[in-house]
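Shown next, in structure tokens, is the structure this report addresses.
This one's a predicted model, so the numbers in the text were calculated from it and none came from an experiment.
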Amino acid sequence: MTENFQFALKKTDAGARLGEISMPRGTIRTPAFMPVGTVGSVKAMYLDQVRETGADIILGNTYHLMLRPTAERVARLGGLHSLIRWEHPILTDSGGFQVMSLSALRKLNEQGVTFKSHVDGSLHHMSPERSIEIQGLLGSDIQMQLDECVALPSEPREIERAMELSLRWAERCKVAFGNQPGKAMFGIVQGGDIPALRIRSAEELAQLDLKGYAVGGLAVGEPQDVMLKMLEETLPVLPSEKPRYLMGVGTPDDILKSVARGIDMFDCVMPTRSGRHGLAFTRRGKVNIRNARHAEDTRPLDDQSNCAASRDYSRAYLHHLVRANEALGGMLLSWHNLNYYQELMQGIRAAISEGRFADFMSETQEEWAKGDLERA
């Protein structure tokens, strides 16, 4: 641990990067997957379980937390870390994605975005300065600039307008953030699926000399090959000595392919959301535990796993829980999925360290392609 935010790039293996972020609240091993704790909880999980899976950092959502319990209340209660009993790093997003997803409820201009709460219809205003203020009240360790994220596909003129607005907001966020020892603010590259815009966004953000950079506005409807092409265009422009975060991504395959192109950090609701709906990610690919084939299968999801949810509960029991809509089913599958994601990240880091990431990637993909176990 350190008093300042520091990123050390320890090794590269082709495009893949092995690194470490040091902060007062702990060390983040990269490539890292951040479980999503939208409203101060990783859904269906105890946070000590989340830590035991290998998570070094979790993510909180500025938009949702500002509505309830409110950032000011969180601050009065000692900050988000104290409130939720997680004394390790927390990254908060800026609310920009919600600006897109709640487009029917908002009005946007140069100053910021005015929107109606999806909870009670109350009116709120989010400016770049207010976004940083809220994240400060929450006490987050890594704060994101406010940006405008457009859905894909969109018209080029609309993508360019949003990208340029996001750049101006990044400058205002940097001023609002100021100097906060031990903490960091990341900028967000926008530009949709237009390489020239992505490059211009990355170049101008790099000039701000921020502590880290995110690639936003992907995994919003475009095919995977478009996302990967945007990474290939964008990442060479970003400073190699700063961490690179791909927001809202993704599937295990997305993660592998993005690591190969130089991404250091990921977050996604997929492991917990899928778990609550009966879908498990395993070393043999995806398993829909709702399917009748599991009804009398006494084998676990993964007898090689170090996770109790993966190793100690039968598929038959998990199938029963999910089909009966018992909360425990979603809890166990979320636990299993988060553990699988962290095992994947651990394997990625080990492979880069040993200079064999390409082999690890192909071996992992071959295992997925085999499909689930044969019927019992």
Side-chain angles (χ1 to χ4, degrees), residues 34-47 50 57-86 89-151 162 165-166 169-170 172-173 176-177 180 183 185-186 188 190 214 216-217 219-220 245 247-248 267-270 272-273 276 330 334:
M34 301 181 285
V36 176
T38 304
V39 295
S41 71
V42 177
K43 283 185 169 54
M45 293 287 294
Y46 295 107
L47 284 177
V50 174
I57 178 172
I58 62 172
L59 181 145
N61 185 277
T62 293
Y63 166 83
H64 287 282
L65 290 166
M66 73 173 283
L67 295 180
R68 56 183 179 188
T70 76
E72 286 74 15
R73 177 171 291 168
V74 171
R76 290 194 297 271
L77 293 170
L80 192 58
H81 297 82
S82 175
L83 180 64
I84 69 176
R85 295 181 65 249
W86 175 269
I90 295 175
L91 180 149
T92 46
D93 64 12
S94 66
F97 181 78
Q98 281 68 38
V99 169
M100 178 193 78
S101 61
L102 298 170
S103 57
L105 302 174
R106 54 90 164 170
K107 292 183 179 179
L108 183 144
N109 59 28
E110 187 70 33
Q111 292 308 307
V113 57
T114 302
F115 59 91
K116 288 184 178 179
S117 164
H118 73 285
V119 177
D120 60 9
S122 58
L123 202 63
H124 299 265
H125 180 72
M126 175 91 79
S127 65
E129 294 78 11
R130 176 60 175 157
S131 175
I132 295 298
E133 179 188 20
I134 291 168
Q135 294 178 77
L137 288 167
L138 296 173
S140 72
D141 304 283
I142 300 177
Q143 302 173 23
M144 303 303 299
Q145 72 150 105
L146 183 65
D147 64 328
E148 184 187 359
C149 175
V150 298
L165 179 64
S166 296
W169 283 0
R172 290 167 58 185
C173 284
F177 181 81
Q180 299 186 34
K183 297 190 175 185
M185 190 202 95
F186 284 15
I188 303 176
Q190 290 291 350
V220 291
Y245 163 31
M247 303 184 75
D267 82 278
C268 192
V269 298
M270 191 168 291
T272 47
R273 179 176 290 169
R276 297 195 307 276
S334 296

Margin query: Pair Ile132, Met185 - check side chain to side chain contact (heavy atoms under 4.5 Å, CB included), show working.
Written below: CA-CA 9 Å; Ile132 295 298; Met185 190 202 95; 4.1 Å; yes

Notebook entry, point to check: Do you know which two heavy atoms are closest between Glu148 and Ser166, and how far apart they sit?
Noted result: N-OG, 3.0 Å

Next item on the list: Would you check, one step at a time, whether the test side chain to side chain contact (heavy atoms under 4.5 Å, CB included) holds for Val36 with Val42?
Entry: CA-CA 6 Å; Val36 176; Val42 177; over 6 Å; no

Notebook entry, point to check: Any side-chain heavy-atom pair from Ile142 and Ile57 closer than 4.5 angstrom?
Noted result: yes

Notebook entry, point to check: Do side-chain atoms of Ser334 reach the backbone of Gly330 as a donor and acceptor pair under 3.5 angstrom?
Noted result: yes

Note to self: Applying side chain to side chain contact (heavy atoms under 4.5 Å, CB included) to Asp141 and His81, what does each step give before you reach the verdict?
What the structure shows: CA-CA 10 Å; Asp141 304 283; His81 297 82; 2.7 Å; yes

Notebook entry, point to check: Nearest heavy-atom pair of Ser127 and Gln111: which atoms, and what distance?
Noted result: CB-O, 3.3 Å

Next item on the list: Check whether any side-chain N or O of Asp93 sits under 3.5 Å from a backbone N or O of Met144 as a donor-acceptor pair, and report yes or no.
Entry: no

Notebook entry, point to check: How far does OG of Ser41 sit from CG of Leu47, to the nearest 0.5 angstrom?
Noted result: 7.5 Å

For residues 64-75, run the donor-acceptor check on the side chains, cut-off 3.5 Å, and write out each pair with its distance to 0.1 Å, sequence neighbours left out.
residue : atom : partner : partner atom : Å
Thr70   : OG1  : Arg73   : N            : 3.2
Glu72   : OE2  : Arg130  : NH1          : 3.2
Glu72   : OE2  : Arg130  : NH2          : 3.1

Note to self: Using every non-hydrogen atom in the two residues, find where Ile58 and Ile84 come nearest and quote the distance to one decimal.
What the structure shows: CD1-CD1, 3.9 Å

Notebook entry, point to check: What distance separates Gln143 CD from Ser131 OG, expressed to the nearest 0.5 Å?
Noted result: 8.5 Å

Check: What's the verdict on ring-ring contact (aromatic ring centres under 6.0 Å, His included) for His124 and Tyr63, showing C-alpha distance, side-chain angles and the deciding distance?
Finding: CA-CA 10 Å; His124 299 265; Tyr63 166 83; 8.3 Å; no

Next item on the list: Please indicate whether Arg273 has more than 12 foreign heavy atoms, meaning atoms of other residues, nucleotides or ligands, lying under 6.0 Å from its CZ.
Entry: no

Note to self: Suppose we screen for salt bridge (Lys or Arg N to Asp or Glu O under 4.0 Å). Which residues come up paired with Asp267, at least two apart in sequence or across chains?
What the structure shows: none

Next item on the list: Please step through side chain to side chain contact (heavy atoms under 4.5 Å, CB included) for the pair Phe115 and Lys107, ending with a clear verdict.
Entry: CA-CA 6 Å; Phe115 59 91; Lys107 292 183 179 179; over 6 Å; no

Item checked: N/O donor-acceptor pair under 3.5 Å between Trp169 side chain and Glu110 backbone -> yes

Check: Can you name the nearest heavy-atom pair linking Tyr245 to Met34, along with the distance?
Finding: CE1-CE, 3.4 Å

Margin query: Measuring only between side-chain heavy atoms, which start at C-beta, is Gln190 closer than 4.5 Å to Ile188?
Written below: yes

Note to self: Which residues pass the salt bridge (Lys or Arg N to Asp or Glu O under 4.0 Å) test with Arg172, not counting sequence neighbours?
What the structure shows: Glu129

Notebook entry, point to check: Looking at Ser122 and Asp120, what are the two nearest heavy atoms and their distance?
Noted result: OG-OD1, 2.7 Å

Checklist line | Heavy-atom donor-acceptor pair, Ser140 side chain to Leu91 backbone, under 3.5 Å | finding: no

Margin query: With a 4.5 Å cut-off on side-chain heavy atoms, are Gln145 and Phe186 touching?
Written below: no

Next item on the list: Look at the side chain of Thr92 and the backbone N and O of Gln135, then say whether any donor-acceptor pair between them is shorter than 3.5 Å.
Entry: no

Notebook entry, point to check: Does any N or O in the side chain of Asp147 come within less than 3.5 Å of the main-chain N or O of Cys149, such that one atom is a donor and the other an acceptor?
Noted result: no

Margin query: Can you give me the closest heavy-atom contact between Cys173 and Leu146, atom names plus distance?
Written below: SG-N, 3.4 Å

